[in-house]
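Atom set for the values below is all heavy atoms of this structure, side chains included, hydrogens, waters and symmetry mates excluded.
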Amino acid sequence: MVVANRLPLDDNAARDGACEWRRSPGGLTGALHSILQQAPATWVGWGGGEGPGPRLPTVGSVRLRPVALSSDEQRGYYEGFANSTLWPLYHDAVQQPVFQREWWETYRAVNQRFAEAAAEVAGRHAAVWVQDYHLQLVPRMLRELRPDLLIGFFMHIPFPPPELFMQLPRRVELLDGMLGADLVGFQREQAAHNLAQLAQKLLGAQTGDHTVHVGGRTVRTGAFPVSIDVAEMAALSARPDVVAHAGKLRHDLGESKRVLLSVDRLDYTKGIEHRLTAYRELLRDGHVKVRDTVLVQVAVPSRERVESYRDLRDRIEGEVGRINGEYGRVGEPAIHYLNQPFDRAQLAALYRTADVMVVTPLRDGMNLVAKEFVAAREDGLGALVLSEFAGAAAELPTAFLVNPHDLDGLKQTLLRALEAEPADLRARMSAMRRHLAEHDINAWARAYLTALDQTGRLAQRLPQLQDPIQDLADSDPR
């Protein structure tokens with residue numbers, strides 16, 4: 001069973017008022033989709049909208065159990081405590097976190113509802129995998145309701161050092177909630193170390209090598225870097241319609257132009273403003289010119305009801321307008337800015353088109369866009385400029401790594417990537433593709449579930465790694 005803030009579907013009201021359900025965007029859904037469509041499971045989550053959602057059919061082998069949220073609960077639990085308190089704090093306080101007492105009460109009540117929903121539908125001795133910062137209280141609540149369950153918790157975003165976490169007014173409850181799990185997993189090893197330090201300080205726990213002993217129980221911890229369905233992205237990028245679309249994009253952008261591409265959720269942690277400043281200065285200093293270089297910035301709308309996100313959108317749109325107004329030419333903007341969702345085929349075409357993929361978050365748990373770009377580039381070319389502060393940097397050290405806070409360093413790295421020799425690009429890309437071939441989404445899930453259920457029962461239910469992944473490792477365009 002998966003318990004997550006959202007179901008892996010979005011609802012769209014058709015003109016006749018009927019609901020259509022489709023796979024929704026997002027890192028978590030993308031990460032788990034390929035696994036769960038092959039392994040029988042139940043997914044508990046909010047279906048979107050207000051109040052009770054419609055009855056949902058089984059999708060593939062996944063049964064859907066919606067959790068209802070009112071408009072007030074969405075504001076307090078999701079927009080408030082989860083995304084105005086926890087999200088900025090966990091991302092190194094890039095944005096000042098906001099603490100409001102009423103948000104906490106709503107967050108606790110909604111977590112209790114998720115725990116009760118999971119307890120209601122879970123079979124005896126079932127394995128329940130709770131996902132991310134929205135539901136940090138659920139493991140403890142669920143253990144109290146159903147002590148027979150095997151409970152895992154995975155944090156997809158960064159988990160902060162003690163000096164930041166200690167700012168939280170409800171720090172003990174949040175920490176104790178996570179430690180209700182049998183296994184707490186993170187993207188990076190440092191996050192597990194942060195948890196152990198906090199457990200010692202706040203709960204008086206005894207800690208060992210990847211263990212926390214508290215309340216008469218032993219909780220295991222570890223790092224399990226999340227990945228993507230490598231074979232799916234490789235196959236998608238090779239589809240004839242995607243190849244044709246990529247060719248049209250290249251023609252429309254300018255056959256002779258160098259294309260820089262960024263694909264982000266519209267979020268202040270993604271470093272979009274820093275990136276635009278660096279690109280404006282490159283244009284100002286004549287290092288890049290509109291006649292030979294173009295930046296495509298995709299900013300997928302996100303959390304549009306949160307004021308800080310609306311302000312960010314206004315600032316970015318204003319800066320794009322200023323850059324295009326000052327440096328663009330008729331029919332040739334300096335930046336193509338797209339504030340809209342893209343489906344996976346469209347993204348694959350964009351990945352194929354880019355000469356340089358620019359992934360420069362100020363802080364990111366992993367960043368799967370970087371991995372998708374690598375998987376899509378079967379030609380072995382294309383440069384990846386990657387922030388040191390994305391979790392993916394530890395796995396893709398042959399990317400052009402950069403500190404996005406250092407604007408001069410960012411500018412120099414962009415120029416290095418633009419001017420790199422094909423042989424250098426092929427060597428870097430080959431190393432990254434080999435790593436992804438061995439560390440795809442199935443390998444991630446298998447590693448986590450093996451650690452959760454040390455009998456190996458859960459991992460045995462996952463699909464075996466398929467030949468296309470090995471084909472990706474063996475491919476060498478040279």
Side-chain angles (χ1 to χ4, degrees), residues 91-92 94 253-254 256-264 267-299 315-316 319-320 322-324 326-328 332-337 350-351 353-364 366-367 369-371 373-374 377 380-433 435:
H91 287 84
D92 293 348
V94 170
L253 291 169
S256 62
K257 287 192 176 184
R258 302 174 297 180
V259 177
L260 295 96
L261 171 67
S262 289
V263 176
D264 308 277
D267 192 285
Y268 48 78
T269 65
K270 300 301 182 181
I272 300 174
E273 292 179 284
H274 295 64
R275 191 181 308 145
L276 292 177
T277 299
Y279 194 65
R280 174 169 49 78
E281 292 185 7
L282 288 174
L283 288 165
R284 181 198 65 193
D285 297 339
H287 294 302
V288 298
K289 295 179 172 60
V290 170
R291 67 171 179 264
D292 60 30
T293 308
V294 64
L295 170 63
V296 178
Q297 174 65 65
V298 175
R315 293 197 305 272
I316 289 173
E319 180 63 10
V320 169
R322 281 189 291 272
I323 293 172
N324 281 334
E326 188 168 353
Y327 299 103
E332 285 188 307
I335 300 173
H336 289 272
Y337 174 70
L350 282 169
Y351 295 150
T353 304
D355 295 296
V356 179
M357 185 79 206
V358 188
V359 182
T360 53
L362 306 179
R363 190 75 166 93
D364 222 339
M366 177 51 61
N367 197 291
V369 165
K371 294 187 174 184
F373 171 72
V374 171
R377 294 308 295 253
L381 294 173
L384 174 61
V385 174
L386 180 60
S387 168
E388 298 169 355
F389 306 116
E395 296 187 83
L396 305 175
T398 59
F400 291 87
L401 298 181
V402 66
N403 173 3
H405 298 276
D406 177 5
L407 288 180
D408 289 333
L410 178 54
K411 289 157 56 180
Q412 292 165 8
T413 305
L414 290 173
L415 291 176
R416 282 177 54 217
L418 284 167
E419 296 165 2
E421 294 293 331
D424 181 27
L425 295 178
R426 289 184 188 279
R428 291 170 181 267
M429 185 61 73
S430 178
M432 291 188 288
R433 286 169 66 82
H435 176 84

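- Here the CZ atom belonging to Arg291 is positioned 10.5 Å from the NZ atom belonging to Lys257, to the nearest 0.5 angstrom.
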> Step by step, would you call His91 with Tyr268 a ring-ring contact (aromatic ring centres under 6.0 Å, His included)?
Replying inline: CA-CA 10 Å; His91 287 84; Tyr268 48 78; 7.9 Å; no
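- Summarising the geometry, atom CG belonging to Leu415 is positioned 9.0 Å from atom OG1 belonging to Thr413; distances are rounded to the nearest 0.5 Å.
- Applying the 6.0 Å contact sphere to CD of Glu421 captures no more than 12 heavy atoms from other residues, nucleotides or ligands.
- Remark: Glu388 CD to Leu362 CG distance equals 12.5 Å, nearest 0.5 Å.
- Val298 has its side chain within reach of Leu350: a pair of non-hydrogen atoms, C-beta onward, lies under 4.5 Å apart.
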> Checking side chain to side chain contact (heavy atoms under 4.5 Å, CB included) for the pair Val356/Leu261: CA distance, chi angles, key distance, verdict?
Replying inline: CA-CA 6 Å; Val356 179; Leu261 171 67; over 6 Å; no
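- Annotation: side chain of Tyr327 is in contact with side chain of Arg284 (closest heavy-atom distance under 4.5 Å).
- Atom CG of Leu410 is separated from atom CZ of Phe400 by 13.5 Å, given to the nearest 0.5 angstrom.
- The shortest heavy-atom contact between Met357 and Val263 is CE-N, 3.8 Å.
- Arg363 contributes no side-chain N or O that, together with a main-chain N or O of Ala390, makes up a donor-acceptor pair within less than 3.5 Å.
- For Ala420 against Leu425, the heavy-atom pair with the smallest separation is CB-CD2, 3.7 Å.
- When side chains are defined from C-beta on, Pro404 counts as touching Phe389, because their heavy atoms get closer than 4.5 Å.
- A 4.5 Å side-chain heavy-atom check between Met429 and Phe373 finds at least one atom pair inside the cut-off.
- Atom CD1 of Ile323 sits about 12.0 Å away from atom OH of Tyr337, to the nearest 0.5 Å.
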> Would Met366 and Glu395 count as a side chain to side chain contact (heavy atoms under 4.5 Å, CB included) if you check the C-alpha gap in whole Å, the side-chain angles of each, and the deciding distance to 0.1 Å?
Replying inline: CA-CA 10 Å; Met366 177 51 61; Glu395 296 187 83; 3.4 Å; yes
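- There is a side-chain donor-acceptor pair under 3.5 Å between Asp364 and Asn367.
- For Asp267 (side chain) and Thr269 (main-chain N/O), a donor-acceptor pair under 3.5 Å exists by modelled atom type.
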>> Using the rule given for side chain to side chain contact (heavy atoms under 4.5 Å, CB included), can you reason through Leu260 versus Leu414, listing the C-alpha separation, both sets of side-chain angles and the distance that settles it, and then say yes or no?
In response: CA-CA 9 Å; Leu260 295 96; Leu414 290 173; 4.0 Å; yes
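- At least one donor-acceptor pair under 3.5 Å links the side chain of Thr277 to the backbone N or O of Glu273.
- Because its NZ or CZ atom is not both nearer than 6.0 Å to the ring centre of Tyr351 and within 45° of the ring axis, Arg377 does not count as a cation-pi partner of that residue.
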>> Thr360 vs Arg275, test: side-chain hydrogen bond (donor to acceptor under 3.5 Å, both in side chains). Steps then yes/no.
In response: CA-CA 7 Å; Thr360 53; Arg275 191 181 308 145; 3.0 Å; yes
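- The side-chain heavy atoms of Val359 and Leu384, taken from C-beta on, include a pair separated by under 4.5 Å.
- Residues Arg322 and Arg280 fail the side-chain proximity criterion, which asks for heavy atoms closer than 4.5 Å.
- With rounding to the nearest 0.5 Å, the separation of OH in Tyr279 from NZ in Lys411 is 13.5 Å.
- Using a 4.5 Å cut-off on side-chain heavy atoms (C-beta onward), Val294 and His336 make contact.
- You'll find the side chain of Asp264 reaches within 4.5 Å of the side chain of Gln297, heavy atoms only.
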> Passes side chain to side chain contact (heavy atoms under 4.5 Å, CB included), His405 versus His274? Steps please.
Replying inline: CA-CA 7 Å; His405 298 276; His274 295 64; 4.2 Å; yes
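- The residue from Ile335, Val288, Thr293, Leu295 that alone fulfils the side chain to side chain contact (heavy atoms under 4.5 Å, CB included) condition with Leu283 is Val288.
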